[in-house]
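Just below is one structure, and these are the notes that go with it.
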Amino acid sequence: MSIAKTYSPTAAEEKWYSYWLQHNFFRSVPDHREPYTIVIPPPNVTGVLHMGHMLNNTIQDVLIRRARMKGKNACWVPGTDHASIATEAKVVAMLKERGINKKDLTREEFLSYAWEWKEKYGGIILEQLKKLGASCDWERTKFTMDEGMSESVIDYFVHLHKKGWIYRGVRMVNWDPQSKTAVSDEEVNRKEVNQKLYYINYKVAGENSHLTIATTRPETIMADAAICINPNDERYTHLHGKSVFIPLINREIPVILDEYVTMDFGTGCLKVTPAHDLNDYELGQKHKLPIIDILNDDATLNEKAQILVGEDRFIARKKIAVLLEEAGALEKTEDYTSQIGYSERTNAAIEPKLSMQWFCKMPELAKPALAYVLNGDVKLIPEKFINTYRHWMENVRDWNISRQLWWGQQIPAYYLPNGEFVVAKTKEEALAEAHKIDASLTIDQLTQDEDVLDTWFSSGLWPISVFDGVRNPDNAEINYYYPTNDLVTAPEILFFWVARMIMAGHELRETKPFTNVYLTGIVRDKLGRKMSKSLGNSPDPLDLIAKYGADGVRVGMLLCSPAGNDLMFDEKYCEQGSGFANKIWNAFKLVKGWEIDESIAPKNGVAIEWFASRFSQALVEIDSDFAQYRLSEALMTTYKLVWDDFCAWYLEMVKPAYQQGVEKQKIDAETFNATVSFFEDILKVLHPYMPFLTEELWHDELFGTRTELDCCIVAQLPAIGKINTQLVAEIEIVQQVVTQIRNTRNSNQLSPKEALPLAVKANSTIDYNLYEPIIKQLGNVTELTKVNDAITGANSFIAGTDEFFVSLNIEIDVIAERERLEKERDYLIGFLKSVNAKLGNERFMANAKPEIIENELKKKADAEARLKIVEDNLRGLAG
RNA sequence: GGGAGUUUAGCUCAGCUGGUUCAGAGCAUCUGCCUUACAAGCAGAGGGUCACUGGUUCGAACCCAGUAACUCCCA
């Protein structure tokens, strides 16, 4: 079989992904093994795969594949969340295209359209994940509005309500007048906007004078409940206890005192409008001011405004400015910039609005959830997020859990005709509850609350509800898989999602939902801008996969992804990834081209033992990297093991010299078998990062015949073997020797093909006979002679404490050689000086640990030995 | 305004609770090679006052204080 010159990933990807699926390698069911569980952060059904998903899911897949290869029962649960606001917006848009207005539909009709939309588009992102190689147990795919999942949400609501932790109340919310729902703080984008500051005069009651306030929202003056001044403001002491008239409508409002008012902003007089500003609302509560709401749900003025009724807020602003001007109440206007919130979904300017909402009390839930993180039961990686988490959990406000939408779990609260309500799982149960209030009620007299629950309220249950642990808290699955092991997510949802899962976990099961939370950074472009659709600076992940292969993209993502820090993504990393795949492919080609010749005596024992040691050293490092979730370091360790140790050194050491006229290069059986076995182990170590290439090679006949289920994906990772540290250290010197010979050639403009003789004056205990074949092969050395004295007139170098001499057929440049040696001598003298200074320092000798002093002594001895060699050489040069 | 974080080579990052010849890696750059696995390659080389200023210490990239720049979160 001839092998292609370069690796082409596409065919391998399709072939092996379906092979894995066919043979159920992703499937997990509880058994006797130790479980290893990850629940996916459910992507939004409206979403398509972006670079953030790529990163996040690559990490999860690496973790899950590694766990599988360590013999754990690995279970990765996939799914999506219903994303109330985003999805409802998409559905409304779809209906609009079809000429249907949401207002004309009943709730049931709308929901059937929404489900239609979800069935059509909601699974796209999961299909895309398959291209990446994600080894999720697809049979477990969940959606937050699946029947059982929704029922769990309702159960949880009822549970919390019974505990008295859910209540209804009027609150200032972020109102999106376009979609006519409250949105959460995280769905509001703040932008700097150029505005005008209007200075408006209010007549003081009983006097022929006025005060002036400054506001950006003159259209809200009709909702004013007071004017507030700072009691320490000496300009206004005469106004204490007075009242003023609102211009145009002449309503009388009091002047109140509060230190909240900044004296040097505007005029120092603040109009207080409790219904239309959060800070004013709080001030109003404090001073028991009336609340006058002059806006409708669509942000037009209502009859309480008395004037401009029915006008949109922005039009009203322009008109009222004119009216004020005409009335002589407008002192002046000024340009002013301030932050305005816009709805993430509709881009409408957010209106602070008082409305009746459902809330969940947070302090009781937050306190234990904080403890899990502080006492280390739940580990945040990196740890720096603990502070952020604590800060938030200690200052948490009650959570607005209602949304004025239809797509989601409808709040299970039922109103009686008299306005009272009961909370129950079903309408029937609600009726039973209602009968305690009024025994004569019929089921038709109950009406369910219109609102649905915040999506986070359901995703907060995710690690429990995917195993049906809310409805059936003692089922076999939840008992086996929960708590899960690792969660991989973005820091920006640490509070909204992670914290709420910990709360729910504690509340429902009295345990954490996961042990480790690995927080990834934001994927930015190389200019540091967040990748986004609107900027158009994000590559399409599927295009990247087509271009570089899934393995290449996976490696590329991880090469630039330190935990918890943002990553500056550049396609070049993917290029490096696919280059790596190609390197492995070619190494494979080399080994594949060998043929065993039994007549050749084994001669690579040293190389084999050395690489086995290096391999084990790498395994130790990789284990420790994974234990600390340093995935990109573990990858780099693997990368260097394969590229440097295996390809650049080991294969070069053992590869048969070119044999003329022989199509297949001949090699001894011992070397061949050892190399094939190394290669197989390398495939295993690489598999979590590069699943497709490794699986493809795994099945090559080079490794013998495989049974149907003998796949790399389920192979067990190699065990850490013996490490011959002395051998590793000595080969390091040998590598220096080889490099120096190459360097000598290079600096003397000699061709690499030119074989050279080498002599060694060994001062160390290294037995160069052992390494002679390696030095000859890698350094292109004709002979290695052992000498007792320096060879004059030859180029020399030092490796370790041993001296080497290369006799060239050309005159050596004495001046350059002397310069080089003198430079080295000066460095060594300086170095010795600093070491001796330490050793001569009484306080160092008294304070430093013994091993450190020992080290300094060794440094001194080594340096002295080298210095002696350098000085001898210098003398030789002079003579 | 409050809180958190970052600052090490041209770029992206390590540097694991001060002490190896400690200032590192990968990429990029430069030089030389189309050497029968790989030019997506091979062999070499050059890059850094560890943001700045002080302090603690026998010893600081690392600990402390302050300054500056940038980023994120909350208001």
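The chains referred to below are lettered A, B, ... by the order of the sequence lines, with proteins before strands, and numbering in each begins at 1. In what follows, every heavy atom counts, from backbone to side chain, and hydrogens, waters and symmetry copies are set aside. Computed from a prediction, not measured in an experiment: that's the story for all the values here.
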- Message: For rU12(B), does the O4'-C1'-N9-C4 or O4'-C1'-N1-C2 angle fall within 90° of 0, making it syn, or is it anti?
- Response: anti
- Task: In whole angstrom, give the distance that lies between atom CE of Met557(A) and atom C1' of rG26(B).
- Result: 17 Å
- Can you tell me, in whole Å, how much space there is between the C1' of rU71(B) and that of rG55(B)? 28 Å
- Message: Is the phosphate of rC73(B) approached by Tyr389(A) (side-chain N or O, under 4.0 Å from OP1 or OP2)?
- Response: no
- May I ask you to test the Ile741(A)-Ile775(A) pair for a side-chain heavy-atom distance under 4.5 Å? yes
- Message: Distance check, P atoms only: rU56(B) and rU49(B), in whole angstrom units.
- Response: 26 Å
- Message: Under 4.0 Å, counting only non-hydrogen atoms across every strand here, what does Arg630(A) touch: a base, just sugar-phosphate, or nothing?
- Response: sugar-phosphate
- Task: Please measure how far the P atom in rG10(B) lies from the corresponding atom in rG18(B), and state the result in whole Å.
- Result: 28 Å
- Query: Rounding to the closest angstrom, what is the interatomic distance between rG66(B) and rA23(B) at atom P?
  - Reply: 31 Å
- Query: Would you find more than 12 non-hydrogen atoms of other residues, nucleotides or ligands less than 6.0 Å from Glu383(A) atom CD?
  - Reply: no
- For rG26(B) and rA14(B), measure between their C1' atoms and round to the nearest Å. 10 Å
- Task: Mind telling me whether Phe679(A) and Phe588(A) have parallel, tilted or perpendicular rings, with 30° and 60° as the class edges?
- Result: perpendicular
- Task: Quick one: sort the Phe831(A) and Tyr827(A) rings into parallel, tilted or perpendicular, breaks at 30° and 60°.
- Result: parallel
- Taking the same atom, P, in rC63(B) and in rG47(B), what whole-Å distance lies between them? 29 Å
- Task: Would you mind telling me which of Cys574(A), Pro9(A), Pro539(A), Ser578(A) makes a side chain to side chain contact (heavy atoms under 4.5 Å, CB included) with Val553(A)?
- Result: Cys574(A)
- Query: Taking atom P of rG3(B) as reference, at what distance in whole Å does atom NE2 of His391(A) sit?
  - Reply: 7 Å
- Query: When the ring planes of Phe495(A) and Trp392(A) are compared, do they come out parallel, tilted or perpendicular, using 30° and 60° as the limits?
  - Reply: parallel
- Note on the structure: Regarding rG47(B), purine or pyrimidine glycosidic angle vs 90° from 0 gives syn
- How long is the line joining CZ of Phe495(A) and C1' of rC74(B), in whole Å? 8 Å
- Item | Protein proximity profile, nucleotides 36-44 of chain B - base contact B, sugar-phosphate-only contact S, no contact -, cut-off 4.0 Å on heavy atoms | BBBSBSSBS
- Message: Whole angstroms only, please: what is the CG-P distance between Leu559(A) and rA14(B)?
- Response: 13 Å
- Message: Over all strands shown, is Phe580(A) touching base, sugar-phosphate only, or nothing at heavy-atom distances under 4.0 angstrom?
- Response: nothing
- Task: Can you tell me the distance, in whole Å, between the CG atom of Asn387(A) and the P atom of rC73(B)?
- Result: 17 Å
- Name the orientation class of the two ring planes belonging to Phe646(A) and Phe678(A) (parallel below 30°, tilted from 30 to 60°, perpendicular beyond 60°). perpendicular
- Message: What's the gap between rU17(B) and rU6(B) when it is taken at their P atoms, as a whole Å value?
- Response: 16 Å
- Task: Treating a pair as Watson-Crick (purine N1 to pyrimidine N3 plus N6-O4 or O6-N4) or G-U wobble (N1-O2 and O6-N3) with both distances under 3.5 Å, list the stems of 3 or more consecutive pairs that involve RNA chain B.
- Result: B:1-7 with B:68-74, B:10-13 with B:24-27, B:29-33 with B:41-45, B:51-55 with B:63-67
- Query: Considering only side-chain heavy atoms of Lys640(A), which listed nucleotide, rC73(B), rG26(B), rC58(B), is closest?
  - Reply: rG26(B)
- Query: Of the nucleotides rG15(B), rG19(B), rG3(B), which has the atom closest to the Ala848(A) side chain?
  - Reply: rG19(B)
- Does the side chain of Leu697(A) come within less than 4.5 Å of Ile584(A)'s, by heavy atoms? yes
- Heavy atoms of other groups near Glu864(A) CD, more than 12 under 6.0 Å: yes
- Note on the structure: Note: for Met636(A) and Ile852(A) on RNA chain B, the residue whose nearest nucleotide lies more 5' is Ile852(A)
- Query: Atom CG of Leu839(A) and atom C1' of rU20(B): how far apart are they, to the nearest Å?
  - Reply: 13 Å
- If you find the nucleotide of RNA chain B closest to Trp392(A) and the one closest to Leu828(A), which residue's nucleotide is nearer the 5' end? Leu828(A)
- Message: Applying the side chain to side chain contact (heavy atoms under 4.5 Å, CB included) criterion to Thr489(A), which one of Thr520(A), Leu494(A), Val498(A), Ile59(A) satisfies it?
- Response: Val498(A)
- Heavy-atom closest contact (Val555(A) atom, Gly577(A) atom, distance): CG1-CA, 3.7 Å
- Query: Expressed in angstrom and rounded to an integer, what is the separation of Arg397(A) atom CZ from rA75(B) atom P?
  - Reply: 7 Å
- Between CD of Glu633(A) and P of rA25(B) the distance, given in whole Å, is 13 Å
- Message: What's the gap between rA60(B) and rC50(B) when it is taken at their P atoms, as a whole Å value?
- Response: 13 Å
